Undergrad: 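Mind looking over this structure? Questions follow.
Please read all numbers here as calculations on a predicted model, not as lab measurements. Heads up: numbering here begins at 1 and tracks the sequence.
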Amino acid sequence: QVKLVESGGGSVQTGGSMRLSCQVSAGTVYTTYYMAWFRQAPGKAREGVAAMSQTGKSAYQEAVKGRFTISGDSPLDMLYLELKNVKPEDTGMYFCAAAPASTPDVTLEARWYNQWGQGTQVTVSS
């Protein structure tokens, strides 16, 4: 069982930066997990933003490539999402998630992730 607790959200102006953090309390070794950040805007479906594997392989949603960076400590006890040049459409609740080793590859599909944090709100004003 993995416990995930997000922090670092808040309000930021368009073009600004912020860093989200996710504290990971894992009952097993990090090598069994893939980690990711998802977001959900009001009235919209949850969407994958960025994901990473223990070997350093990463994947990003097209809309955030070049602006967001996912990273983590090794052994994993913290996961981060660096947001730069944010836009109003980046507004939403951001969730940290973990997927087991049976996941075939690093993925942004929510169906593979079985551990979720409670989320942290990010609001981008124009």
Undergrad: Rounded to the nearest 0.5 Å, how far apart are OG of Ser58 and NZ of Lys65?
TA: 9.5 Å

Undergrad: Looking only at heavy atoms, what is the nearest atom pair of Gln118 and Phe95, with distance?
TA: O-CE2, 3.4 Å

Undergrad: Please examine the side chains of Thr103 and Tyr113, heavy atoms only from C-beta on, and report whether any two atoms are closer than 4.5 Å.
TA: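 With C-beta onward as the side chain, the pair stays apart.
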
Undergrad: In sequence, state the C-alpha distance, the side-chain angles, and the governing distance for Ser7 and Gln23, and then conclude on side-chain contact (heavy atoms from CB on, under 4.5 Å).
TA: CA-CA 8 Å; Ser7 62; Gln23 185 172 12; over 6 Å; no

Undergrad: Taking the side chain as C-beta and beyond, is there a heavy-atom pair between Thr107 and Tyr34 under 4.5 Å?
TA: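 A side-chain contact under 4.5 Å is absent here.
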
Undergrad: Could you report the tightest heavy-atom contact between Gly48 and Gln61, atom names first, then the distance?
TA: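 In terms of heavy atoms, the two residues are closest at O-NE2, 3.0 Å.
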
Undergrad: Does a side-chain heavy-atom distance below 4.5 Å link Thr14 with Pro88?
TA: yes

Undergrad: Do Met78 and Ser21 have side-chain heavy atoms sitting under 4.5 Å apart?
TA: yes

Undergrad: State yes or no: do Trp112 and Trp116 share one hydrophobic cluster built from I, L, V, M, F, W and Y residues joined by side-chain heavy-atom distances below 4.5 Å, directly or via other members?
TA: yes

Undergrad: Do Leu20 and Glu6 touch side chain to side chain, with heavy atoms closer than 4.5 Å?
TA: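 They are not in contact (no side-chain heavy atoms under 4.5 Å apart), so the answer is no.
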
Undergrad: Examine Leu81 and Leu108 and state if one hydrophobic cluster contains both, with Ile, Leu, Val, Met, Phe, Trp and Tyr joined whenever side-chain heavy atoms are less than 4.5 Å apart.
TA: no

Undergrad: Using side-chain heavy atoms (C-beta onward) and a distance below 4.5 Å, is Thr69 in contact with Tyr60?
TA: yes

Undergrad: Does any part of the side chain of Cys96, heavy atoms only, come nearer than 4.5 Å to the side chain of Trp37, both counted from C-beta?
TA: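 Yes; the side chains approach each other to less than 4.5 Å.
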
Undergrad: Can the positive tip of Arg46 be found less than 6.0 Å from the middle of the six-membered ring of Phe38, inside 45° of the ring normal?
TA: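 No, a cation-pi geometry is absent between Arg46 and Phe38.
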
Undergrad: Roughly how far apart are Gln121 CD and Gln40 CD, rounded to 0.5 Å?
TA: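 Rounded to the nearest 0.5 Å, the CD-CD separation comes to 10.5 Å.
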
Undergrad: List the atom of Asp105, the atom of Lys57, and the distance in Å for their closest heavy-atom pair.
TA: OD2-NZ, 2.8 Å

Undergrad: Per the side-chain hydrogen bond (donor to acceptor under 3.5 Å, both in side chains) rule, what does the pair list look like for residues 89-101, sequence neighbours excluded?
TA: Arg39-Asp90, Arg39-Tyr94, Arg67-Asp90

Undergrad: Please give me the minimum heavy-atom distance between Met52 and Leu79, naming the atom from each residue.
TA: SD-CD1, 3.7 Å

Undergrad: At their closest point, which heavy atom of Ile70 faces which heavy atom of Met35, and how far apart are they?
TA: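 That closest heavy-atom pairing would be CD1-O, 4.0 Å.
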
